[in-house]
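Here the structure is laid out as structure tokens; the discussion comes afterwards.
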Protein chains: 2
Amino acid sequence: MKTEIEVFREFLAQKGMRLTPEREAVLVEVFAEHDHFDIDELFMRLRQKGQRISRASIYRTLPLLVESGLVNEVYFEEGHLHYEHIYGHEHHCHLRCLGCRQIVEFRDDGVEEAEKRIGQAKGFETTGHKLEIYGYCPQCQGKKK
Amino acid sequence: MKTEIEVFREFLAQKGMRLTPEREAVLVEVFAEHDHFDIDELFMRLRQKGQRISRASIYRTLPLLVESGLVNEVYFEEGHLHYEHIYGHEHHCHLRCLGCRQIVEFRDDGVEEAEKRIGQAKGFETTGHKLEIYGYCPQCQGKKK
DNA sequence: ATGCAACTGAGACTCTATCTCATATTATCC
DNA sequence: GGATAATATGAGATAGAGTCTCAGTTGCAT
């Protein structure tokens, strides 16, 4: 399997763009931790590691990572988008606890089939899906407001 | 079935809040058209119908409608949230064309079952879900960039 | 009618995200 | 290697969504 950097470099080249040190630093940091993140977090993490990079560059780089398929927008909350890296990981969806806000990842073949089935029914050629299930985790059951 | 207004009034009463003329106007307008909308659109529609209402009141009212279960956040795009009214409609999900941006609603029992199945597997008591499927509609197939 | 809590509107403010532009970097061609 | 052109960056300005403040208003309960 190609490394993330190779994938990104090829994606950029195909658009006549370069893999600059800034873009590479963002990419590396995005894959450094397996967790959801937002842009400000990413900026802080890069700063703490001594990277000199502007917010503007991060804001410019993330849509490229999404477009290249390396990263996913996960959800919009607290007024901004949250992301996750997906390259090298099996596709998964999210179960969100309405009590403690924790997020559990899961994979389910039925959902993959549903994508195909519904696409066919409507004449769509599908490319992917995003499923979020809401509820209460074992610890939060009974505590519902 | 209760009317939307009754549902909203009860929801508000239970929180010690009132159903004011402004809140009612927002509610009525939200249910006046079956389509996705954003807050600015709603503001314009209310204005055109001669309603004097401030943006602040609309921003304050919509989260209440969502909390009461009458309205749903559908997606975040173009820098802001989009909503739909759901009370009195069967639960449905969305198929989105990546070419022309059109949105097709669908309902699928398999997805409902998946919610239950996955909730059980993870010990969650589920309350709902949101599924978006991405792809290309019949007209846009072949036009992919 | 009076008092009180809830509510509204206008505008100030905050915060996310984008844009501008001068400067810097990189690739390419000679 | 040096010149040139295309691409990229950073800093700060700007735009726009959404929230907050506060003075004045409304509506309910007694």
Handout entry: same_hphob_cluster(A/Tyr136, B/Ile118) at 4.5 Å side-chain heavy-atom cutoff
Key =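 Different clusters: A/Tyr136 never reaches B/Ile118 through Ile, Leu, Val, Met, Phe, Trp or Tyr contacts under 4.5 Å.
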Practice task
Give a yes or no on whether the backbone of B/Thr3 and the side-chain of B/Glu6 come within a donor-acceptor separation of less than 3.5 Å.
Solution key: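 At least one qualifying donor-acceptor pair exists.
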[X] bridged to [Y] by N-O distance under 4.0 Å:
X	Y	value
A/Glu73	A/Lys130	no
B/Glu22	B/Arg52	no
B/Glu24	B/Arg9	no

Whole Å only: how far is the [atom1] atom of [X] from the [atom2] atom of [N]?
X	N	atom1	atom2	answer
A/Tyr59	C/dA17	OH	P	4 Å
A/Glu73	C/dA17	CD	C1'	13 Å
A/His80	C/dT18	NE2	P	14 Å

Practice task
Go through DNA chain D in 5' to 3' direction and return only the first and the last nucleotide with some atom under 4.0 Å of chain B's heavy atoms.
Solution key: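 On DNA chain D, the outermost contacted nucleotides are D/dA17 to D/dG27.
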Practice task
Report, as a single string ordered 5' to 3', how protein heavy atoms within less than 4.0 Å touch nucleotides 6-13 of chain C: B base, S sugar-phosphate only, - not at all.
Solution key: BSBB----
Exercise for the section: For B/Lys2, look at atom NZ and say whether over 12 heavy atoms of other residues, nucleotides or ligands are found less than 6.0 Å away. Expected result: no
Practice task
Of all the heavy-atom pairs spanning A/Phe31 and A/Tyr87, show the shortest one and how long it is.
Solution key: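 Shortest heavy-atom separation between A/Phe31 and A/Tyr87 comes out as CE2-O, 3.6 Å.
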Practice task
Using a heavy-atom cut-off of under 4.0 Å over every strand shown, decide if B/Ile39 touches base, sugar-phosphate, or nothing.
Solution key: nothing
Handout entry: Within 45° cone of B/Phe124 ring axis and under 6.0 Å: A/Arg96 NZ or CZ
Key =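 Geometry flag: not set, cation outside 6.0 Å or 45°.
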Exercise for the section: To the nearest 10°, let me know how far the axis at one end of the helix from C/dA1-D/dT30 to C/dC30-D/dG1 is tilted from the axis at the other, five pairs an end. Expected result: 20°
Exercise for the section: Anything under 30° is parallel, anything over 60° is perpendicular, the rest tilted; go ahead and classify B/His94 against B/His92. Expected result: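 Because their plane-to-plane angle is over 60°, the rings of B/His94 and B/His92 count as perpendicular.
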Handout entry: B/Met44 side, atom CE; B/Phe37 side, atom CZ - distance, nearest 0.5 Å
Key = 15.0 Å
